[in-house]
2 protein chains.
Amino acid sequence: MSEPRLTFTLHRIVAVLDRHADGILRNAMDMTYSQFLFLVHLAEADGASGATLADRLGVSRAAVSKRIPWFEQHGFVTTSEDPNHGAIRRIHLTRQGADRLAKASTLLETAFRIPADQSMSFDVNELHEHLLELLASLEASLPNTQRGSPATPRKDD
Amino acid sequence: MSEPRLTFTLHRIVAVLDRHADGILRNAMDMTYSQFLFLVHLAEADGASGATLADRLGVSRAAVSKRIPWFEQHGFVTTSEDPNHGAIRRIHLTRQGADRLAKASTLLETAFRIPADQSMSFDVNELHEHLLELLASLEASLPNTQRGSPATPRKDD
DNA sequence: GGATGAGTGTTAACTAGTTGACACATGGGC
DNA sequence: GCCCATGTGTCAACTAGTTAACACTCATCC
């Protein structure tokens, strides 16, 4: 009962961050945090296939496949066939999508920089370095932690 | 684009931890991490109402209400009426539920203590202290972050 | 004592994710 | 050339969460 606390603290921080980020994006530009993440990862891998985007987002291929029509209809994303491989659809961020992402990014940055950097008794960058080290250690020592193949669900009955 | 990285690192750590914890519990005792969390929070507030348990778990009252029958059927939980307030159902952990929780706890503790404590270039306890400070700062400076009332969903269409 | 307001638990309708299956495309062995 | 193994995208069925609405219990206030 003494050791899982760190895990719980991490969960609570993430929950608070998500909730707040979501609220900001909704209020300011009628956008979901989930949509923001989609655009962020696509921007970092523009022209990616659905499979690699799913991998980056940590969700299944099916989840990405189902969301793409919405982004296309709203003009944030276009898809094209891969000239070298007919089974692959390349996903591209449009100018409009990039603009929306940029606006959301600055919104979140300013919102979170103020409370976090101010008046902390320690170095936030150092904290981040330690967390990255922890993450690397976890990924190294815990077997088969590949993204895109999360644990299989098990119903409560 | 430079600042949200800490957020992303936190998300990745939590995802890795969850996935691995879930796998351990499934393999060893056919249990879900979500079920584990339910028992943990109930143990910390035995006899709680569904509303306070939902609050602790960070989910809605409806979610708790729907899960209780499963835990009752498996003998991990019993419910009783509150003698002072007819609208409240008190939820209690059974002996069997406590045993299951204890087994799962030690399982996870030993699994996570090894990779985390070993060969870190910094003090894990100090890291935890800093994270708690960060959490407190976030909860203080970000408005209305009460649990149990998460952001309203917004569909992708 | 009766209206009222707040808190609790449950239900229906919905959302966003999952797994598993499938059809299809590609690249290598043989 | 053919077969096979692998990777991709999509569909159906399902899961676990959500909100909104409801009935209900209680305390309070007049």
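Each chain gets a letter, A, B and so on, in the order the sequences are listed, and its residues count up from 1. Fair warning: this is a prediction, and the values are worked out from it, not measured in the lab.
- When each of C:dT19, D:dG9, D:dA21 is scored by its nearest atom to the side-chain atoms of A:R61, the top-ranked nucleotide is D:dG9.
- Residue B:S49 places its side chain closer to C:dT8 than to any other of C:dT11, C:dA21, C:dT8.
- As rounded to whole Å, 15 Å separates atom C1' of C:dT26 from atom CD of A:E81.
- DNA chain D lies under 4.0 Å from at least one heavy atom of each of the following residues of residues 82-90 of chain B: B:N84, B:H85, B:G86, B:A87.
- Cluster annotation: A:L108 and A:L42 are assigned to the same hydrophobic cluster (Ile/Leu/Val/Met/Phe/Trp/Tyr, side-chain heavy-atom contacts under 4.5 Å, transitive).
- Taking 4.0 angstrom as the limit, A:R67 places a side-chain polar atom (N or O) nearer than this to OP1 or OP2 of C:dG17.
- For the pair A:S65 and D:dT10, the criterion of a side-chain N or O lying under 4.0 Å from OP1 or OP2 is met.
- The CZ atom of B:R19 sits 14 Å away from the C1' atom of C:dT19 (whole-angstrom rounding).
- Here B:K103 does not pair with B:D99 in a salt bridge; the nearest charged N to carboxylate O distance is not below 4.0 Å.
- The CG atom of A:L37 sits 14 Å away from the C1' atom of C:dG17 (whole-angstrom rounding).
- Here C:dG17 presents its P atom at 12 Å from CG of A:L53, a figure rounded to the nearest Å.
- If you measure from atom CG of B:L57 to atom C1' of C:dG9, you get 16 Å, rounded to the nearest angstrom.
- Residues B:H11 and A:D18 meet the side-chain proximity criterion, which asks for heavy atoms closer than 4.5 Å.
- Atom P of nucleotide D:dT18 and atom CG of B:D55 are separated by 12 Å, given to the nearest angstrom.
- For the side-chain hydrogen bond (donor to acceptor under 3.5 Å, both in side chains) with A:E72, the qualifying choice from A:T94, A:T79, A:T78 is A:T79, the only one to do so.
- Look at CH2 on B:W70: it is 14 Å from C1' on D:dT15, rounded to the nearest Å.
- Within the 4.5 Å cutoff, no side-chain heavy atoms of A:I68 are placed close to those of A:R89.
- The closest donor-acceptor contact from the side chain of B:T32 to the backbone of B:Q35 lies at 3.5 Å or more, if one exists at all.
- Nearest-nucleotide assignment on DNA chain C puts the 5′-proximal partner with B:A51, out of A:A62 and B:A51.
- In this structure, A:S60 does not reach the C:dG17 phosphate: none of its side-chain N or O atoms is under 4.0 Å from OP1 or OP2.
- Here D:dT8 presents its C1' atom at 17 Å from NZ of A:K66, a figure rounded to the nearest Å.
- With contacts defined as side-chain heavy-atom distances shorter than 4.5 Å, the pair A:L101/A:F76 does not qualify.
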